[in-house]
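Small disclaimer: the values here were computed from a predicted structure and weren't measured.
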Amino acid sequence: MSEQMICAVTVSMLVMLNSKWFQRGAAYASNQQNRKEVRAKAKACSAKTRQNSMEHD
């Protein structure tokens, strides 16, 4: 292989690795955000059901 080929392959491998890690990081960040939203929704939902059950009693 010529030096140019080796360089191109190395660069493309680095880019692939970087994008993989970047996607992982982005997925992790969005997961954290989703968890927060889900928790908030769950809290609001449980508060509503508590109110409803109190009203029915």
Side-chain angles (χ1 to χ4, degrees):
M1 276 207 291
S2 65
E3 271 183 48
Q4 279 183 327
M5 271 287 284
I6 293 169
C7 188
V9 169
T10 309
V11 167
S12 63
M13 278 175 69
L14 279 172
V15 168
M16 273 169 53
L17 276 173
N18 281 343
S19 65
K20 222 183 232 179
W21 282 111
F22 180 75
Q23 282 169 0
R24 263 197 204 162
Y28 178 74
S30 64
N31 264 354
Q32 296 295 97
Q33 191 60 38
N34 286 346
R35 273 195 203 143
K36 277 181 194 166
E37 284 171 18
V38 166
R39 251 189 226 150
K41 278 180 190 168
K43 270 187 189 171
C45 190
S46 62
K48 265 188 196 169
T49 49
R50 259 187 232 142
Q51 278 182 343
N52 287 349
S53 61
M54 278 180 187
E55 283 169 15
H56 284 302
D57 288 349

For this session: With rounding to the nearest 0.5 Å, note down the distance linking OG1 in Thr10 to CE in Met5.
Result: 10.5 Å
Seminar exercise, completed: Under a side-chain separation threshold of 4.5 Å, the hydrophobic residues clustered together with Val38 are none
Seminar exercise, completed: Smallest heavy-atom separation, Ser30 atom then Ala27 atom, equals OG-O, 2.9 Å
Problem set entry | side-chain hydrogen bond (donor to acceptor under 3.5 Å, both in side chains) partners for Glu37, two or more places apart | none
Seminar exercise, completed: One should read off an interatomic distance between Gln23 CD and Lys20 NZ, to the nearest 0.5 angstrom, of 9.0 Å
Problem set entry | side chain to side chain contact (heavy atoms under 4.5 Å, CB included) partners of Gln51, counting only residues at least two apart | none
Problem set entry | With Arg50 via side-chain hydrogen bond (donor to acceptor under 3.5 Å, both in side chains) - residues at least two apart | none
Problem set entry | Nonpolar side-chain network containing Val9, other nodes, edges under 4.5 Å | Met13
Exercise. How many angstroms lie between atom NZ of Lys41 and atom CG of Asn34, to the nearest 0.5 angstrom?
Worked result: 8.5 Å
Exercise. Should the heavy atoms of other residues, nucleotides or ligands under 6.0 Å from CD of Gln32 be counted, would the total exceed 12?
Worked result: yes
Exercise. Apart from Leu17 itself, which Ile, Leu, Val, Met, Phe, Trp or Tyr residues share its cluster (side-chain heavy atoms under 4.5 Å, direct or through members)?
Worked result: none
